[in-house]
Amino acid sequence: MKRVVVGLSGGVDSSVAAYLLQQQGYEVIGLFMKNWHDDSVTISNECPWLEDSNDALLVAEKLGIPFQTVDLSEEYKEKIVDYMFNEYEKGRTPNPDVLCNREIKFDVFMKIALSLGADYVATGHYCQKSEIEVDGKPVYQLIAGADNNKDQSYFLCQLSQEQLSKALFPIGALTKPEVREIAAEMELVTAEKKDSQGLCFIGKVRLPEFLQQKLQPKEGKIVQVDKNDPIYTVEKPAGISLEEELKFESRKLEYLPTMGKVVGKHQGAHYFTVGQRKGLNVGGTTDPLFVIATDVETNTIYTGLSSQHPGLFKKALFVGNSEVHWVREDMTLKSGEKMEVMARIRYRQPLQKATLYQFEDGMYVEFEEPQSAITEGQFVAWYLENELVGSGVIS
C-alpha cells in the first residue's frame, strides 16, 4: 500500500484531499505545518494557526488517520519572510505563495514526508498532474485545475520534475462547490470554513502592517504624471534588431520628480506596488490614481489618472537566464529560439497570447496586447493549452 502525507492546513480543500486519498486506498498521514511564531504581527487577537491546527486535528480524527504538527517556522522565516523583505527593500514585489510552494511545501515539508516513508506528498491545490513519456523517460505535466475560478497551477509554477514526480493533487478535477459538498456529506468541521486569506500558512497577517514593523517608514512625495507626457511618445529607434526592439518594449521608464505635480505624501515607496490604487489617500481627482512606478532610491511614488494611463502598460517583459524555469525541462528553448504560448503575469489573470524569445542572457515575453502593471519580482507563467510548462521572475 502506498503511503501519502497530506499537508492538512485546517481548510476544506486539504481535508477533502485527505478523504479522497483514503477512498483511493492510500495509507494517509496528516501533517500540519506551523510556520509562524511571532504573534506581534498577527492581526487581531485570533490565533489563526492554533484554530487551524485544531481543525486539522479534528479532520484527521474523523478520518481516523495519524496526525502530527511540524514546526517549520525557522525555515519559513529564512526562506520566505527574509526574501520578502529583501525584495521589498529593492523596490520589487515578491510573491510569497509561489516561493512557499517551491521552498517549503514541496521541499522542506516533502523531505519530512519522505523521511516518514511516504511515497507521495499531497496538497489541496486546484491543479492536476499527468504523466507522459518523452524519449522513453517519464515526464510529469502540471495541468490547470478543472475549476476555472479556482485554478491554482500558477502558484506551483516553480516546481521541478522531481517535485512533481512525488506530488498528488486529489481535488484538481473537482470544483470548489463539489469539494464543499463532499466535506458536508462527510461532516468534516471545515465544510463551511471560509477560504484563508493572507500569506501562505501564516494566517491572518496583513501585508502593509507586517511590512511597517520591519521596514522603517519614511515620508516621500506622490507625483502625478500626465498621460500626455513626452516620455510616452518616445519613438522606437529604426533599423534595430529583434532583441533590441524587445529590450525597448520591456524597458523601465525613467521617471523624475520634476515630471509631474506633487499631489500628496506617502510613508515609504517600498510599501507600494505598481498598479495599486488603494492606500494613496489623495483626494479630489476626477478618476482614481494608480501607482505607475516606485523609486526606492529617491523614495518617490509616481501615479497616473485612471486604469487606462499609458504608464501602466507594456508589451514585453524580460526574465534573466538564472530566473527562467522550465517545469517541462524537455521544452527548454535554446538561444535564438521562440515559442508561442499563453501566459499570465499574476494569479487569476485570464491567459494572454504571447511569444517567448530566448537570447544569450535571458528571455523576453512579448504579449499580443499590452499588459497592465507588469511588476518586477512577480512571476510570469506560460502555458500550452491547459499545461503550465514554465515560469520566470519578471526583472
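Keep in mind it's a predicted model, so treat the numbers as computed, not measured.
- Counted by atom type alone, T375 and T93 present zero donor-acceptor pairs between their side chains at under 3.5 Å.
- Inspection of the D13 and Y126 side chains reveals an N or O donor paired with an N or O acceptor under 3.5 Å.
- A salt bridge links D82 with K77; the closest basic N to acidic carboxylate O contact falls under 4.0 Å.
- Q22 contributes no side-chain N or O that, together with a main-chain N or O of Y26, makes up a donor-acceptor pair within less than 3.5 Å.
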Could you tabulate the donor-acceptor pairs under 3.5 Å formed by side-chain atoms of residues 276-287, not counting sequence neighbours?
residue : atom : partner : partner atom : Å
Q276    : OE1  : T273    : N            : 3.0
Q276    : NE2  : K278    : O            : 3.0
T285    : OG1  : D287    : O            : 2.7

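- The cluster map of Ile, Leu, Val, Met, Phe, Trp and Tyr, joined by side-chain heavy atoms under 4.5 Å apart, puts F318 and F248 in different clusters.
- Atom CD of E219 has more than 12 heavy atoms from other residues, nucleotides or ligands within 6.0 Å.
- Between the side chain of H309 and the backbone N or O of L289 there is no donor-acceptor pair closer than 3.5 Å.
- In terms of modelled atom types and a separation under 3.5 Å, the side chain of R3 and the main chain of L116 share a donor-acceptor contact.
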| query | Could you go step by step and tell me if Y76 and C100 meet the side-chain contact (heavy atoms from CB on, under 4.5 Å) rule? | reply | CA-CA 8 Å; Y76 193 89; C100 183; 3.9 Å; yes
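- Between the side chain of D147 and the main chain of K176, a donor-acceptor pair closer than 3.5 Å is present.
- Using a 4.5 Å heavy-atom cutoff, the side chains of P217 and Y271 are in contact.
- Note on residues 340-369: pairs passing salt bridge (charged side-chain N to carboxylate O under 4.0 Å, His left out), not counting sequence neighbours, are D151-R344.
- Salt-bridge formation is detected for the pair D52/K193: a Lys NZ or Arg NE/NH1/NH2 atom is positioned less than 4.0 Å from an Asp or Glu carboxylate oxygen.
- A donor-acceptor pair is defined here as one N or O able to donate and one able to accept, closer than 3.5 Å; no such pair exists between the side chain of E249 and the backbone of K314.
- In this structure, E387 contributes its side chain and L384 its backbone to no donor-acceptor pair below 3.5 Å.
- The backbone N or O of M339 lies less than 3.5 Å from no partner atom in the side chain of T355, so there is not a single donor-acceptor pair.
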| field | Verdict with reasoning, V59 to T190, per side-chain contact (heavy atoms from CB on, under 4.5 Å) | value | CA-CA 8 Å; V59 166; T190 52; 4.0 Å; yes
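- In this structure, E78 contributes its side chain and E75 its backbone to no donor-acceptor pair below 3.5 Å.
- When atom types are taken as modelled, the side chain of K129 and the backbone of A167 share a donor-acceptor pair closer than 3.5 angstrom.
- Using a cutoff of 4.0 Å between basic side-chain nitrogens and carboxylate oxygens, K137 and D135 are not scored as salt-bridged.
- Under a 4.0 Å N-O distance rule, the pair E244/K247 does not qualify as a salt bridge.
- Of the N and O atoms on the side chains of T300 and Y255, not one donor lies less than 3.5 Å from an acceptor on the other residue.
- No side-chain donor-acceptor contact under 3.5 Å links E178 to the backbone of L174.
- Among E329, H325, M331, the single residue meeting the side chain to side chain contact (heavy atoms under 4.5 Å, CB included) criterion with V327 is H325.
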